[in-house]
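Below is one structure, written out as structure tokens, with a few remarks after it.
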There are 2 protein chains.
Amino acid sequence: METKLPTFNSVFSVDCVIFGFEAGELKILLIERNEEPYKDWLALPGYIVEQDESIDNAAERILYELTGLRDLHMQQFHTFGEVNRHPQGRVITVAYYALIRINGQKELKPITQYAKSAFWHPVNELPKLAFDHSEIFQTGFNKLRRRLNYQPIAFELLPEKFTLTQLQSLYEAVLNKKLDKRNFRKKMLSYGFLKELDEKQKGVSYRAAKLYKFDRRKYTKIFQNELSVEG
Amino acid sequence: METKLPTFNSVFSVDCVIFGFEAGELKILLIERNEEPYKDWLALPGYIVEQDESIDNAAERILYELTGLRDLHMQQFHTFGEVNRHPQGRVITVAYYALIRINGQKELKPITQYAKSAFWHPVNELPKLAFDHSEIFQTGFNKLRRRLNYQPIAFELLPEKFTLTQLQSLYEAVLNKKLDKRNFRKKMLSYGFLKELDEKQKGVSYRAAKLYKFDRRKYTKIFQNELSVEG
DNA sequence: ATTTAATGGTGTAAATCTCACACAGTATAT
DNA sequence: ATATACTGTGTGAGATTTACACCATTAAAT
């Protein structure tokens with residue numbers, strides 16, 4: 001007894017809010033659109049989901065095609081479904097976010113023609129974005145901020161080896177407030193998932209700081225209980 | 001330069017995970033389906049979003065049509081987008097949840113023919129549900145549990161006037177563990193958003209407990225900072 | 001060689017929060 | 001009156017959070 005689903009002129013898309021951290025500043029990944037509507041506008045990397053791919057897979061594919069980045073662990077955070085959010089018809093969009101280290105080596109380079117370019121932009125002083133992308137970004141940023149309070153997601157944004165001061169300024173950038181140096185260090189070190197290295201910072205004209213690494217194995221061991229409730 | 005969106009045979013739906021609390025048990029709202037596929041199965045109240053309504057509105061409408069309940073504050077919590085989650089085609093579904101008091105007066109009564117009946121079912125010992133609804137339920141339940149730790153959402157589930165013991169057993173049901181009575185009371189009262197009433201419980205064959213009310217005004221005042229970060 | 005500029009790195013005390021734990025009081029039913 | 005069943009209350013130990021200031025180290029400038 002196979003009935004038919006209704007056919008609407010409706011599509012799903014995904015949009016990606018990708019955070020990076022560079023030169024003491026929190027940034028997100030934007031593209032310059034090369035397609036109507038909103039041609040030449042800045043936008044979050046996003047596109048339409050194919051009929052035969054899951055939205056999770058679509059998110060990975062689309063990010064790759066528009067920016068050249070792949071293999072990030074993106075997570076869905078909200079779905080935007082207002083009727084008129086897209087001028088050409090009914091499009092609901094599932095928004096994903098991820099945090100990555102900005103790696104000067106990896107070039108940002110759109111694979112498709114839909115984007116003219118992809119680049120990092122500081123989260124402060126964002127220009128107006130295409131569609132409702134400003135709202136999507138803001139929702140994602142709030143999510144990130146709240147999440148930082150119970151998960152050490154900051155490590156995804158830093159280079160493999162980092163100083164405690166870098167870690168702290170990342171926290172300060174995300175939370176948008178000053179933290180106390182001594183308390184911050186004490187707390188971070190007390191978690192036990194930071195590995196102190198025998199190396200020091202290079203190329204600074206002041207006392208060089210010790211470098212640390214994030215020890216994912218220890219982290220997982222410590223937090224597996226809390227994470228098992230993850231939905 | 002109006003290009004056209006692609007037309008897929010794809011639709012969006014919403015599914016609702018509605019929690020209630022009754023007789024010391026946490027329950028969710030289920031329907032008995034009256035339509036293929038999964039005719040006669042139990043399922044979460046859910047249906048297809050119309051082309052000219054936002055998903056938030058769709059959630060309210062659909063819940064009403066399938067169960068007779070309206071005016072709850074539902075919140076989206078996850079979107080499920082696997083390719084084969086629906087046997088008749090590509091359907092992605094946005095899952096919503098809400099907490100309400102089960103009110104014996106309000107009858108559960110489907111308005112449409114799509115549901116044979118709607119009823120409350122304890123969250124423990126849930127039968128297998130239609131589609132991927134068991135997974136959707138589980139994700140929603142995890143969300144509820146985590147949320148309870150930082151927001152007093154429990155009050156939505158209780159009658160207007162309640163005893164501290166009722167409040168505690170609700171927490172215990174959601175978190176699935178015993179709590180200490182003295183610590184629980186101390187903590188709840190310390191928040192300052194419980195209003196002690198001059199009334200007592202009636203109709204019990206033991207010492208009657210004091211009744212309390214949740215004071216939403218005070219709550220909002222106390223927590224406005226934290227909530228303003230809400231995404 | 002000395003100074004300057006910039007950041008690195010460290011401890012302590014008070015206040016608050018968390019957690020474990022047990023028993024007398026009171027309303028009702030018989 | 002007495003049995004039953006739940007209400008309502010306090011304390012101390014330990015852990016966590018917060019506020020707070022100065023000397024150490026390095027490279028560059030003089």
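Sequence lines set the chain letters: A, B, ... in the order given, protein chains first and strands last, and positions in each chain run from 1.
- At distances below 3.5 Å, not a single donor-acceptor pair connects side-chain atoms of B/Gln168 with backbone N or O atoms of B/Phe184.
- With sequence neighbours left out, B/Ser13 forms a side chain to side chain donor-acceptor pair (under 3.5 Å) with B/Thr93.
- Shown here is A/Phe214, whose CZ atom has more than 12 heavy atoms of other residues, nucleotides or ligands within 6.0 Å.
- Here chain A contacts DNA chain C (any atom closer than 4.0 Å to a heavy atom, that is under 4.0 Å), and the contacts span C/dA6 to C/dT12 from 5' to 3'.
- With sequence neighbours excluded, no residue forms a side chain to side chain donor-acceptor pair (under 3.5 Å) with A/Gln201.
- Sorted by residue number, the members of residues 199-208 of chain B with any non-hydrogen atom under 4.0 Å from DNA chain D read B/Tyr206, B/Arg207.
- For DNA chain C, the residues of residues 157-176 of chain A within the heavy-atom distance limit of 4.0 Å (strictly under) are A/Thr165, sorted by number.
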Strictly under 4.0 angstrom, non-hydrogen atoms only: write out the protein contact profile of nucleotides 11-21 of chain D, one letter per nucleotide from the 5' end, B, S or -.
B------BBBB
Review item, side-chain donor-acceptor pairs of residues 17-28 of chain A, under 3.5 Å, at least two apart:
{"unit_1": "A/Glu22", "atom_1": "OE1", "unit_2": "A/Lys27", "atom_2": "NZ", "d": "2.9"}

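- Under the ring-ring contact (aromatic ring centres under 6.0 Å, His included) criterion, A/Phe137 pairs with A/Phe141, not counting sequence neighbours.
- By the side chain to side chain donor-acceptor pair (under 3.5 Å) test, B/Thr165 is found to be paired with B/Arg185, residues two or more places apart in sequence or in another chain being considered.
- Classified by interplanar angle (parallel below 30°, tilted 30° to 60°, perpendicular above 60°), the ring pair A/Phe162/A/Phe155 is tilted.
- Using cut-offs of 30° and 60° on the angle between ring planes, the pair A/Phe131 and A/Tyr38 is tilted.
- Judged as a salt bridge (charged side-chain N to carboxylate O under 4.0 Å, His left out), the pairs with a partner in residues 55-79 of chain B (not counting sequence neighbours) are, in order, B/Glu53-B/Arg61, B/Arg61-B/Glu65.
- Annotation: salt bridge (charged side-chain N to carboxylate O under 4.0 Å, His left out) contacts of A/Asp40 (sequence neighbours excluded): A/Lys116.
- Listed by chain and residue number, A/Glu156 satisfy the salt bridge (charged side-chain N to carboxylate O under 4.0 Å, His left out) test with A/Arg216 (two or more places apart in sequence, or in another chain).
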